[in-house]
Undergrad: 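Handing you a structure now.
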There are 2 protein chains.
Amino acid sequence: MAAFTSKDVARLAGVSQSTVSYVMTGKRQISEPTRQRVLAAMKQLTYEPHAGARALAGRRTQVVGLVVPFDSMSEMTGLLPFIETIASSARANDYEVLLVTADEGSAGLRRLAGRALCDAIIMMDIQEQDERVQVAAALPIPVVLVGMPDDPAGLYCVDLDFDAAARIAVDELVDSGHDEAFIIGYPAAVTDRRLNFAGRFLRSVRRHAEMRGLPLTVLEPVALGRAGAAAAVEHVLAHRRPGRTGVVVPYNASIRPLLHALRARAVVPGRDLSLIGISTDHQAEDSEPPYTNISEEPRDVSRRAMKTLLWLLDPGPGVGHPPVDLVAPRLTRRGTVMPAPASAARPS
Amino acid sequence: MAAFTSKDVARLAGVSQSTVSYVMTGKRQISEPTRQRVLAAMKQLTYEPHAGARALAGRRTQVVGLVVPFDSMSEMTGLLPFIETIASSARANDYEVLLVTADEGSAGLRRLAGRALCDAIIMMDIQEQDERVQVAAALPIPVVLVGMPDDPAGLYCVDLDFDAAARIAVDELVDSGHDEAFIIGYPAAVTDRRLNFAGRFLRSVRRHAEMRGLPLTVLEPVALGRAGAAAAVEHVLAHRRPGRTGVVVPYNASIRPLLHALRARAVVPGRDLSLIGISTDHQAEDSEPPYTNISEEPRDVSRRAMKTLLWLLDPGPGVGHPPVDLVAPRLTRRGTVMPAPASAARPS
DNA sequence: TTGAAAGCGTTACCAG
DNA sequence: CTGGTAACGCTTTCAA
């Protein structure tokens with residue numbers, strides 16, 4: 001293994017060091033014969049350019065920083081598809097990924113930028129009022145947010161369109177003739193931290209339910225796990241009014257325990273009440289029973305975040321980029337929403 | 001935000017650049033007054049050392065490379081605790097984490113080392129015969145494997161002790177008077193890739209079952225998901241002999257669907273047959289129903305891998321490090337194993 | 001189309 | 001205990 005430098009390559013190829021550099025970066029026309037000789041030399045020496053030296057001289061690290069939330073329950077929240085997708089798109093564009101945990105707060109951001117550890121940052125797990133956003137906005141490198149703080153401070157944001165998700169859920173229930181809906185809200189861990197998506201969803205679902213005249217009850221906070229789910233189900237069963245009841249579960253990790261609690265009470269979603277979850281399609285499909293879901297799109301969101309970031313790093317000639325990029329969720333029916341009775345309005 | 005260099009700090013503190021460097025690294029005695037002045041200057045300028053320059057001059061990146069498997073189903077396999085724990089321990093020791101996906105194969109390793117992107121590598125998802133292991137062994141930087149290939153080629157390995165896990169499972173069943181055991185084996189995705197832990201567990205479980213005279217049937221491959229689990233349950237119910245039947249599910253992601261399949265057939269683990277899963281305690285506790293498990297210890301394994309790696313980077317004075325470090329799993333009873341009948345041998 | 005050489009911001013050796 | 005200075009390996013002007 002190596003320890004060969006571009007100087008070695010240059011010597012072997014009989015060219016100057018700068019020519020080697022230009023062959024690698026393509027920033028200069030190099031005659032085909034020379035190019036080939038250089039490439040051959042590189043191959044022969046299994047040459048790899050020294051990343052540090054490159055970063056120093058070229059002011060480019062070819063690294064993106066990824067700030068992820070590693071709290072106790074991120075395991076349940078489907079963080080992995082985000083990381084995975086960003087890692088892949090990064091590599092596809094010749095970037096490495098440096099992982100930073102959110103618990104470092106602003107210090108992590110300052111380190112990433114100050115030490116020139118990366119060329120740009122993707123930051124997840126944004127709170128409504130996030131001190132890090134101001135810091136991020138002041139950094140000398142671009143930052144893309146996955147999530148929408150109250151004040152993006154000029155930063156580009158990519159996320160699922162939770163507003164649309166709420167609308168879709170309400171429409172689906174109203175259009176299939178439901179008389180009432182319960183929202184199984186977020187756990188304290190989410191509401192306490194005022195994570196941005198919770199507020200966005202709840203505001204929107206309230207607004208649309210009112211617009212469409214759907215009586216709404218929001219249960220919150222709802223504890224994660226068996227006990228919380230059981231309590232939520234109790235509440236719904238005890239307080240539901242006569243007629244067709246819809247239950248919407250916007251928080252991914254709450255869906256499975258809720259399904260268990262329903263089963264334990266012999267309540268069958270799709271027959272005794274309706275259930276819509278917000279989760280990945282995979283999770284909805286793979287669950288027991290599969291449930292009608294509004295898709296979280298972690299892969300799509302990550303891909304777009306990465307795309308935005310690459311554009312920021314190299315704006316190119318085209319028109320600008322939208323500062324807020326919301327991915328539209330899709331509804332997939334899997335039988336846990338009771339169909340409209342014959343006489344009701346037809347589904348959208 | 002900065003763009004301040006150590007030269008700026010030196011000027012402001014009225015010392016030479018090298019003194020600033022020595023204050024940071026502590027590789028030289030600096031008088032307390034000078035030290036304080038330098039530290040003050042650094043704070044005032046919010047100075048951060050340029051990582052690339054540092055790597056170039058000091059031949060140390062303070063980065064560890066982490067090679068993770070991001071295949072289709074890693075989401076199910078509990079990869080996140082590994083990543084999370086490694087990220088935290090790395091930070092606690094002033095290292096950054098660079099994420100590389102396993103699908104890059106040896107090329108990823110060569111890049112990491114060749115470009116001096118990191119000082120050491122942790123590699124997960126090791127196959128029995130893994131071409132990357134040879135490559136890793138030849139790298140000029142230390143590599144720690146999470147998993148045990150057939151030939152570690154001199155590399156340090158850290159992993160769960162699957163041999164002990166198998167022994168514990170067999171002992172638990174035998175000691176509680178079981179007459180037979182079924183192993184719900186690994187899915188094709190695992191067996192095809194010849195992932196190391198599968199072979200280790202199966203060999204060991206066979207050996208110990210024989211030693212203790214427990215009739216054993218291994219079902220493999222077992223498809224993931226509903227269908228595969230249902231088929232496995234069918235098979236067990238159709239072929240079990242009279243008496244007490246134990247079922248061992250070594251693969252994490254298979255446990256949940258299996259529990260569903262059992263419930264669908266109205267078979268109650270702990271009453272109609274016994275079930276032991278290998279999974280994190282969290283998963284076992286949180287499942288429906290909770291099941292008796294042998295603990296995977298992702299956090300412990302990761303922590304030890306990181307410790308080994310730090311030791312390799314700075315061997316220190318003490319005695320050597322064991323080349324193979326296996327974390328002992330624990331059995332936690334949660335009622336899915338039928339207790340020994342009064343007349344049987346007492347549990348261990 | 002190519003070369004020479006001046007940095008980039010640290011570290012660490014050699015002096016004092 | 002501290003300062004000066006030569007690397008470290010690459011990029012990028014300036015020249016040809």
Side-chain angles (χ1 to χ4, degrees), chain A residues 1-39 41-42 45-63 94 111 113-119 140, chain B residues 1-39 41-42 45-63 94 96 111 113-117 119 140:
Chain A
M1 285 304 108
F4 283 118
T5 75
S6 68
K7 198 179 286 183
D8 298 314
V9 175
R11 182 166 8 195
L12 182 57
V15 299
S16 80
Q17 201 178 11
S18 59
T19 298
V20 174
S21 175
Y22 286 121
V23 165
M24 302 186 58
T25 63
K27 292 186 181 174
R28 199 191 237 185
Q29 280 292 0
I30 301 287
S31 73
E32 199 49 28
T34 327
R35 221 177 76 83
Q36 290 307 335
R37 257 185 307 135
V38 171
L39 290 174
M42 297 201 310
L45 300 182
T46 64
Y47 167 72
E48 296 272 3
H50 188 289
R54 218 171 209 198
L56 183 55
R59 306 87 224 302
R60 273 234 164 191
T61 61
Q62 294 296 114
V63 172
D94 261 297
R111 213 164 20 104
R115 304 199 164 181
L117 280 162
C118 60
D119 298 332
Chain B
M1 285 306 108
F4 283 118
T5 75
S6 67
K7 197 177 282 182
D8 298 314
V9 174
R11 183 168 9 204
L12 181 56
V15 298
S16 80
Q17 203 177 12
S18 60
T19 298
V20 174
S21 175
Y22 285 120
V23 166
M24 302 187 59
T25 62
K27 292 187 180 175
R28 203 190 235 188
Q29 279 294 358
I30 301 287
S31 73
E32 198 50 28
T34 328
R35 221 178 75 84
Q36 290 307 333
R37 257 185 307 135
V38 170
L39 289 175
M42 296 200 310
L45 301 181
T46 65
Y47 167 72
E48 297 272 2
H50 188 289
R54 225 173 203 197
L56 182 56
R59 299 106 211 301
R60 273 234 163 191
T61 61
Q62 293 296 114
V63 172
D94 262 297
E96 309 286 341
R111 220 183 47 246
R115 304 198 164 182
L117 281 162
D119 298 331

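Everything numeric here is computed off the predicted structure, so don't read it as measured data. First the proteins, then the strands, lettered A, B, ... as listed; each starts at 1.
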Undergrad: Run the numbers on B:S21 and B:S18 for side chain to side chain donor-acceptor pair (under 3.5 Å), then give the verdict.
TA: CA-CA 5 Å; B:S21 175; B:S18 60; over 6 Å; no
Undergrad: Nearest whole angstrom, please: distance from the P of D:dT12 to the CZ of A:R54.
TA: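 After rounding, the gap between these two atoms is 10 Å.
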Undergrad: Would you classify B:V15 as touching base, sugar-phosphate or nothing, given that sugar-phosphate means primed atoms plus P, OP1 and OP2, and contacts are heavy atoms under 4.0 Å?
TA: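 B:V15: backbone/sugar contact only, no base atoms under 4.0 Å.
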Undergrad: Rounded to the nearest Å, what distance is computed from the CZ atom of residue A:F4 to the P atom of nucleotide D:dC8?
TA: 15 Å
Undergrad: Please report the interatomic distance CG(B:L39) to CD(B:E32), rounded to the nearest 0.5 Å.
TA: 8.0 Å
Undergrad: Just to confirm, is there a sub-4.0 Å distance from OP1 or OP2 of C:dT10 to any side-chain nitrogen or oxygen of B:S6?
TA: yes
Undergrad: At what angle, to 10 degrees, do the two end axes of the helix from C:dT1-D:dA16 to C:dG16-D:dC1 meet, given five pairs define each axis?
TA: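 Roughly 30°, once rounded to the nearest ten degrees.
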Undergrad: Closer than 3.5 angstrom, by distance alone: can the side chain of A:R115 be matched with the main-chain N or O of B:E48 as a donor-acceptor pair?
TA: no
Undergrad: Dump the pairs, protein N or O against N or O of nucleotides 4-7 of chain D, anything under 3.5 Å, distances to one decimal.
TA:
{"from": "D:dG4", "atom 1": "O6", "to": "B:S18", "atom 2": "OG", "distance (Å)": "3.3"}

Undergrad: Taking atom P of D:dC10 as reference, at what distance in whole Å does atom CD of A:E48 sit?
TA: 11 Å
Undergrad: Please tell me which of the listed nucleotides, D:dT2, C:dT10, C:dT1, lies nearest to the side chain of A:S31?
TA: C:dT1
Undergrad: Take the protein atom CZ of B:R60 and the nucleotide atom P of D:dG9, then report the distance between them rounded to whole Å.
TA: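 About 17 Å, once rounded to whole Å.
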Undergrad: With sugar-phosphate meaning primed atoms plus P, OP1 and OP2, does A:S21 contact a base, only sugar-phosphate, or nothing at under 4.0 Å between heavy atoms?
TA: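 Base contact.
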Undergrad: So how far is it from A:R60 CZ to A:T25 OG1, rounded to the nearest 0.5 Å?
TA: 12.0 Å
Undergrad: CE/B:M42 to CG/B:L12 distance, rounded to the nearest 0.5 angstrom?
TA: 11.5 Å
Undergrad: Starting at atom CG of B:D8, determine the distance to atom C1' of C:dC8, rounded to an integer number of angstrom.
TA: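 Answer to the nearest Å: 14 Å.
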Undergrad: Please tell me if B:K27 has a side-chain N or O lying less than 4.0 Å from either OP1 or OP2 of C:dT11.
TA: no
Undergrad: Calculate the interatomic distance between A:M42 atom CE and D:dG9 atom P; express it in whole Å.
TA: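 Value for this atom pair: 17 Å.
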Undergrad: Looking at B:Q29, I'd like to know if its CD atom is crowded, meaning that more than 12 non-hydrogen atoms belonging to other residues, nucleotides or ligands lie closer than 6.0 Å.
TA: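 Incorrect, the count does not exceed 12.
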Undergrad: Are B:R35 and B:V38 side-chain neighbours, meaning at least one heavy-atom pair lies under 4.5 Å?
TA: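 The answer is no, as the side chains (C-beta and beyond) never meet within the 4.5 Å cut-off.
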Undergrad: Return the 5'-most residue of the pair B:A53, B:G14 with respect to DNA chain D, ranking by each residue's nearest nucleotide.
TA: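 So the residue in question is B:G14.
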Undergrad: Calculate the interatomic distance between A:Q36 atom CD and C:dT1 atom P; express it in whole Å.
TA: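 After rounding, the gap between these two atoms is 15 Å.
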Undergrad: Test: salt bridge (Lys or Arg N to Asp or Glu O under 4.0 Å). Region: residues 9-19 of chain A. Which pairs qualify, not counting sequence neighbours?
TA: A:D8-A:R11
Undergrad: Measure CG/A:L56 against C1'/D:dC10 and give the value in whole Å, please.
TA: 8 Å
Undergrad: With heavy-atom distances below 4.5 Å as the criterion, would you say the side chains of A:T61 and A:L117 are in contact?
TA: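 Counting from C-beta outward, A:T61 and A:L117 never come under 4.5 Å.
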